[in-house]
Amino acid sequence: MIENSSEINHEKDQFNILLTGYEGPIDLLLDLAKKQKVDLSEISILALAEQYIEYINNYNKIHLEIAADYLVMSAWLTYLKSRLLLPKDEIEDEYTPEELEEALRFQLLRLEAIQKTSKNLYEKPLINRDTFYGGIEEGVKIKYDITYKANLYDILKTYSSLLSKKDSIQSLTIASSELYSVDQAIQRLKNIFGSIKEWTNIMSLLPNFGTNKIINKSSLSSNFVASLELAKNGLIEVNQKEVFGNIYIRSKN
Amino acid sequence: MSTLRDIKIIEAILFASGEPVSEDDLKDKIVKKSEFNNYIEEIKKHYENRGINLLKTGKKWSFRTSDELSEDLVIFKQQKRKLSRAALETLAIVAYHQPVTRSEIENIRGVQMGRGSIDHLMEIGWIKPGVRKNIPGKPTLWSTTDLFLEHFGLENINNLPNQDELKASGFLDKRAAIATITDLAKNDILDSKIESDEEEEKLEDFIPNT
Amino acid sequence: MSTLRDIKIIEAILFASGEPVSEDDLKDKIVKKSEFNNYIEEIKKHYENRGINLLKTGKKWSFRTSDELSEDLVIFKQQKRKLSRAALETLAIVAYHQPVTRSEIENIRGVQMGRGSIDHLMEIGWIKPGVRKNIPGKPTLWSTTDLFLEHFGLENINNLPNQDELKASGFLDKRAAIATITDLAKNDILDSKIESDEEEEKLEDFIPNT
């Protein structure tokens with residue numbers, strides 16, 4: 001069992017490592033395509049689809065959160081592949097296989113162009129990396145004009161942290177006030193158990209909180225614990241005939 | 001005419017370092033060290049009659065602005081100061097919640113505050129008092145100014161990213177697990193209020209039938 | 001030959017301020033304001049082949065060290081966080097496709113945006129939120145800033161490298177090529193699976209674990 005799970009983890013990690021090298025499914029496709037041919041506009045989409053599907057299928061246990069985009073692409077390529085292979089007049093659909101192929105080709109070429117361009121852009125002389133400001137202030141009269149350094153980023157960051165601070169405070173308040181505690185349940189049962197002479201379904205004794213799921217559930221569990229507590233103290237009796245069956249209580253006197 | 005690379009390097013270093021540089025340090029950076037004096041001469045000549053001159057002080061070289069200009073060379077430099085955290089918070093709240101009263105700001109920040117932040121922001125010119133809110137005490141309503149928009153590069157106050165966009169852009173960090181669970185609970189309660197019929201059906205699934 | 005005083009003043013101000021100065025501020029300091037462009041041309045030429053160059057970025061002028069010297073000036077290089085590939089691609093898309101929404105960026109990259117790209121680029125000051133797009137949801141349109149131009153030494157946003165090429169090939173088209181189709185597939189195939197899993201998990205949170 002332990003061996004097994006470590007194996008799965010290993011596979012998972014491997015897949016994630018293989019994927020972290022890529023910036024998404026199109027990036028992976030692009031890489032596969034480049035290995036296939038230099039000129040992307042002449043690439044075989046069918047062969048590419050098969051390669052991609054194989055690549056993804058090699059990993060069964062994958063981390064869904066990371067791989068969702070990749071799986072969607074895999075599903076789409078499987079669909080495209082079947083469309084490309086099937087006789088044309090058999091399926092009626094919004095898009096022809098050629099249109100789908102063309103769309104994918106465009107997506108690949110566009111991302112390739114953007115990737116090349118982003119490199120070119122970043123190779124431009126960048127201030128404080130390749131080129132520098134300077135100058136000497138001596139001999140110049142300088143009058144200072146005080147400006148404040150805040151920028152839009154500071155405002156958004158500050159506002160965001162205020163929001164999350166506020167959120168966590170709010171949820172704490174709600175969490176503590178909305179739940180029905182065991183103490184409350186014990187108090188309540190103590191007040192009413194004297195009148196419960198007959199076996200009574202505990203469900204019918206629960207206070208009604210309407211449709212508030214959370215309180216209802218907390219009330220059910222608190223009352224159950226409270227009934228056990230009171231039974232332990234010899235005040236009431238608890239009875240359940242079958243597993244998951246109804247629970248009945250009655251006063252011991 | 002193309003200038004020798006060594007000359008360019010001396011120029012660039014003197015310019016970028018912003019203070020006088022020793023001869024030895026300059027020589028370190030060039031190829032033909034024996035030519036150093038000639039290079040210096042060339043540079044001196046190139047700047048002789050310009051707004052900047054090359055000057056030797058002690059054993060160090062530097063550019064400085066021409067003496068004859070000193071009369072009318074007053075430069076306004078912007079000295080940048082950091083805004084305090086309190087002021088930044090106040091500003092962010094005014095930006096997002098305007099028009100807003102001081103006590104509403106205090107509510108959101110969760111602290112009482114003095115006049116300091118508001119006065120300071122008003123002095124800078126980023127917020128302004130507007131009409132008074134029609135509640136007991138008639139407190140002043142604060143909002144941001146056009147100068148605020150200008151300084152922060154916004155065309156319109158509605159262009160500030162909303163909460164969802166802040167989250168999607170990475171500003172709002174993923175909330176702690178406990179907050180998420182209680183948030184779900186909160187949503188649940190809200191949902192059940194709005195779509196109570198549907199919720200009630202689901203509720204049956206989890207509470208054993210009596 | 002004696003240089004005009006106005007030219008010297010422009011030179012000296014640009015030199016001493018150590019950062020880009022707006023055209024208006026420069027014109028303020030000289031006598032013959034109508035000659036400004038000629039003065040600038042003269043200065044540009046004088047420094048064309050030197051260690052320092054005159055450059056226009058946005059509406060500001062500055063001296064900066066010649067970029068061909070970058071290897072000799074590494075001593076001044078500031079330690080900077082390296083930009084991730086995701087952030088770099090995002091920056092390129094914002095620069096070339098601006099104004100652009102987050103989901104358009106995601107369409108072009110073919111992947112959901114990682115957290116951190118947009119806020120990181122904003123922290124550096126290279127992109128900013130602009131007006132909202134007039135489509136359902138009114139998403140923010142992102143664009144580059146003047147600081148982006150300044151840092152990359154661009155005179156204006158139409159001077160980006162490879163711009164004409166990209167335009168000619170139709171790659172400045174923001175349309176979601178396969179995203180629309182994958183969206184269909186996603187809705188049909190995966191969303192139902194993944195989301196229902198998620199849903200179930202949420203419900204688990206409310207079933208008492210006894």
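Convention: sequence-line order gives letters A, B, ...; per-chain numbering from 1.
The choice from A:D27, A:N120, A:L121 that makes the most heavy-atom pairs within less than 4.5 Å of chain C is A:L121. Here C:G18 is the residue among C:G18, C:S66, C:A95, C:A92 with the most heavy-atom pairs under 4.5 Å with chain A.
Using a 4.5 Å cut-off between heavy atoms, C:Q163 does not touch chain A at all. If you measure heavy-atom distances from C:F152 to chain A, the contacts under 4.5 Å come from both the backbone and the side chain. Both the backbone and the side chain of A:L109 come within contact range of chain C, with heavy atoms under 4.5 Å apart. Both the backbone and the side chain of C:L88 have a heavy atom closer than 4.5 Å to some heavy atom of chain A. With a threshold of 4.5 angstrom between heavy atoms, C:L14 does not approach chain A through any atom at all.
Taking all atoms of both residues into account, the shortest heavy-atom contact from A:G24 to C:V111 is CA-CG2, 3.6 Å. The shortest non-hydrogen separation linking C:N107 to A:Q107 is O-NE2, 2.6 Å. Here the closest heavy-atom approach between residue C:D173 and residue A:R110 is recorded as O-NH1, 2.5 Å.
Just one residue in the list C:N162, C:L160, C:I93 forms a side chain to side chain contact (heavy atoms under 4.5 Å, CB included) with A:T117, and that residue is C:N162.
Between atom CD1 of residue A:I26 and atom CD1 of residue C:I108 there is a gap of 12.0 Å, rounded to the nearest 0.5 Å. The distance from the CZ atom of C:R85 to the NZ atom of A:K119 is 7.0 Å, given to the nearest 0.5 Å. Rounding to the nearest 0.5 Å places CD of C:E150 at 7.0 Å from CD1 of A:I127. Note that CG of A:L152 and CD of C:E123 are 12.5 Å apart. Values are rounded to the nearest 0.5 Å. Rounding to the nearest 0.5 angstrom, the gap separating the CZ atom in A:F106 from the OG atom in C:S169 is 9.5 Å. Annotation: the span from C:R64 atom CZ to A:N128 atom CG amounts to 9.5 Å, rounded to 0.5 Å.
At a threshold of 4.5 Å between non-hydrogen side-chain atoms, the residues A:L111 and C:E89 count as touching. A heavy-atom distance below 4.5 Å is found between the side chains of A:Y133 and C:P20.
The environment of A:K116 atom NZ is sparse: at most 12 non-hydrogen atoms of other residues, nucleotides or ligands sit within 6.0 angstrom.
Ring planes of A:Y122 and C:W126: perpendicular class, angle over 60° (limits at 30 and 60°).
A donor-acceptor contact shorter than 3.5 Å is absent between the side chain of C:T65 and the backbone of A:T131.
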